[in-house]
K.L.:
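Sharing a structure, written as structure tokens. Questions coming.
Just so we're on the same page: letters track the sequence lines, and every chain starts at 1.
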2 protein chains.
Amino acid sequence: MDPKPQTALNTAGVDSRKAPARRGRPPKRAQAPDTSETILDVAEDLFSKHGFYGVTIREVAREAGVDTALVHYYFGAKRGLFDAVFLRRAEILNADRMAALERYEREAGDDLTVEGVINAFLQMTLEWGEKGGPGWKHYFALVAQANANPVWGGETMTRYFDPVVYRMIELLKRAMPGAPGEALFWAYHNLSGALTLTLGETGRLDRLSGGVCRSGDLPTAYDNMARFAAAGFRALCARN
Amino acid sequence: MDPKPQTALNTAGVDSRKAPARRGRPPKRAQAPDTSETILDVAEDLFSKHGFYGVTIREVAREAGVDTALVHYYFGAKRGLFDAVFLRRAEILNADRMAALERYEREAGDDLTVEGVINAFLQMTLEWGEKGGPGWKHYFALVAQANANPVWGGETMTRYFDPVVYRMIELLKRAMPGAPGEALFWAYHNLSGALTLTLGETGRLDRLSGGVCRSGDLPTAYDNMARFAAAGFRALCARN
DNA sequence: GTCTATAAGATGATAGAC
DNA sequence: GTCTATCATCTTATAGAC
């Protein structure tokens, strides 16, 4: 029923990510872009564009060059495929973001700043967005839509991404001693909206600005987002 | 083929909105919650929860208590139904927001402030969200998802909502003389993300904060959003 | 305006051969 | 692991009666 459990999916090779130096016994199927990864890549692309109900198993199978039965063989029901897509990069991203926050904490010592924490929090989405290839772009577009979904969005985002948010808020509390917890949560809510809109790269800003600003210009987008959010956090957390 | 053109849809009664004092000849079918409005209400609810592909004409018809053929009779293809849902409140909202900005412009005279402009921009989404009933909540959830959609989101948001954004940016230029146009667009991008996440009321913040903050507490959400965004606009637009 | 009936095709999922 | 074949169901959409 479940020949390839979801929790093991992320151990397979991920496009564009350099494999660490090999130690001990080689992981299973480490040599080639295997079939299940191809299916996940195709599903990720299609789900990110058309949503869960807008994609058929047949389309995924056709684009991946396999039969529909094989998709069911690997992932069970359609929902299983979707969950596997969501989980694959979530685990990588979470580990990376947590490491970035901890690296910043170490390097900053007692001189934590709001800007520094926010930059550390945003750093890995910028890096994967810039250097992760189309797979990561599709994934981020999927996360952006999950964040906006009123039915399962809140629950999904909480389940996958809250731990790293708590870690960031913890550091922000040290950067702004005395900041009310409520204000930190509300400020994060605003940053979260800005971040997921940026992740989506929907092109709206391009049209609105007549081409002056580009959704795909991630360094500029993140620089502006970080400065906007830092000022916003300060404004909400200042005692008055 | 099109017995009820889309541009006329919004002239029918909208739930929860008080009709203005009647003048001249009464509008067609002003007396009852007519069938096509019921269909739109049901479709709005379902589309906002499950997206375009996640809703079937049969579901809409069943919930509305009519036959599927009647849905096609009023709105043509499924896409026509979706567009009609989207357009109905967009026209109302645009007129209201534009009026709110112009009212603020008149009242503020030469003393325009960043906070004032942002509050005027946000005012009507807060009011309809608070007092518009479930129909407006569903509509806002739908807009939130449109804003996050990478395929048609950018184009859709531009088409429906850009005029009022240009008006706001124009006023912000007067509140912050010398602000670079690029910075204003990037700042708006961040506000737009925060606003649509707020509109979605996905409940994520409730879980994240352990109940301390509530997505449905709109006055608090808008107050924090306005202060967050005002500080963000100032930070990005300051000459340095 | 509203319904019945139905066309014409797509869908998720599985059993079983290789 | 991979494919063929197939089931039972659901889908959008329309023609035509009332």
K.L.:
Can you tell me how the ring of B:Trp136 sits relative to the ring of B:Tyr139, calling it parallel under 30°, perpendicular over 60° and tilted otherwise?
P.N.:
perpendicular
K.L.:
Please determine if a side-chain N or O atom of A:His72 lies less than 4.0 Å away from the OP1 or OP2 oxygen of C:dA13.
P.N.:
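Yes, such a contact exists.
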K.L.:
Nearest whole Å is fine: how far is C:dG12 C1' from A:Leu81 CG?
P.N.:
12 Å
K.L.:
For B:Val55, which contact category applies under a 4.0 Å heavy-atom criterion: base, sugar-phosphate, or nothing?
P.N.:
sugar-phosphate
K.L.:
Nearest whole Å is fine: how far is D:dC18 P from B:Tyr73 OH?
P.N.:
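In whole Å, D:dC18 P and B:Tyr73 OH are 19 Å from each other.
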K.L.:
Expressed as a whole number of angstroms, how long is the span from A:Phe52:CZ to C:dT11:C1'?
P.N.:
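One finds 12 Å between C1' of C:dT11 and CZ of A:Phe52, rounded.
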K.L.:
To the nearest 10°, give me the bend of the helix from C:dG1-D:dC18 to C:dC18-D:dG1, comparing the axes of its five terminal pairs at either end.
P.N.:
10°
K.L.:
Can you find a pair of side-chain heavy atoms, one from A:Arg204 and one from A:Arg207, that are under 4.5 Å apart?
P.N.:
no
K.L.:
Separation of B:Ile39 atom CD1 from C:dG1 atom P, in whole Å?
P.N.:
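Distance, rounded to whole Å: 11 Å.
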K.L.:
Using side chain to side chain contact (heavy atoms under 4.5 Å, CB included) as the criterion, list what pairs up with A:Glu59, not counting sequence neighbours.
P.N.:
A:Leu46, A:Val55, A:Thr56, A:Arg62
K.L.:
Nearest to the side chain of B:Thr35 - C:dG12, C:dT2, D:dT11?
P.N.:
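Among C:dG12, C:dT2, D:dT11, the one nearest the side chain of B:Thr35 is C:dT2.
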K.L.:
Can you check the A:Asp34 CG to D:dT2 P distance for me, whole Å?
P.N.:
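Answer to the nearest Å: 8 Å.
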K.L.:
Go along nucleotides 3-8 of chain D 5' to 3' and tag each nucleotide: B for a protein heavy atom under 4.0 Å from its base, S when only backbone or sugar atoms are that close, - otherwise.
P.N.:
BB----
K.L.:
Measuring from atom CG of B:Leu126 to atom CG of B:Leu218, what distance do you get when rounded to the nearest 0.5 angstrom?
P.N.:
6.5 Å
K.L.:
Going by the ring-ring contact (aromatic ring centres under 6.0 Å, His included) test, name the single residue among A:Phe86, A:Phe52, A:Phe82 that passes it with A:Trp152.
P.N.:
A:Phe82
K.L.:
Hey, are the side chains of B:Met168 and B:Tyr188 touching, using non-hydrogen atoms and a 4.5 Å cut-off?
P.N.:
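Yes, at least one pair of side-chain atoms sits under 4.5 Å.
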K.L.:
Can you measure A:Glu59 atom CD to D:dT11 atom P for me and round it to whole angstrom units?
P.N.:
17 Å
K.L.:
Is the distance from OP1 or OP2 of C:dT11 to the nearest side-chain N or O of A:Tyr53 less than 4.0 Å?
P.N.:
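For C:dT11, neither OP1 nor OP2 has a side-chain N or O of A:Tyr53 closer than 4.0 Å.
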K.L.:
Using the side chain to side chain contact (heavy atoms under 4.5 Å, CB included) rule, pick out the option among B:Ile57, B:Leu40, B:Asp83 that qualifies with B:Phe75.
P.N.:
B:Leu40
K.L.:
Does any non-hydrogen side-chain atom of A:Leu81 lie less than 4.5 Å from one of A:His72?
P.N.:
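Heavy-atom side-chain distance check fails, nothing below 4.5 Å.
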K.L.:
Which of the following nucleotides, C:dG1, C:dG12, D:dA13, is nearest to the side chain of A:Ile57?
P.N.:
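Nearest nucleotide to the side chain: C:dG12.
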K.L.:
With no hydrogens and no angle check, is any side-chain donor or acceptor of A:Glu201 less than 3.5 Å from a backbone partner on A:Ala141?
P.N.:
no
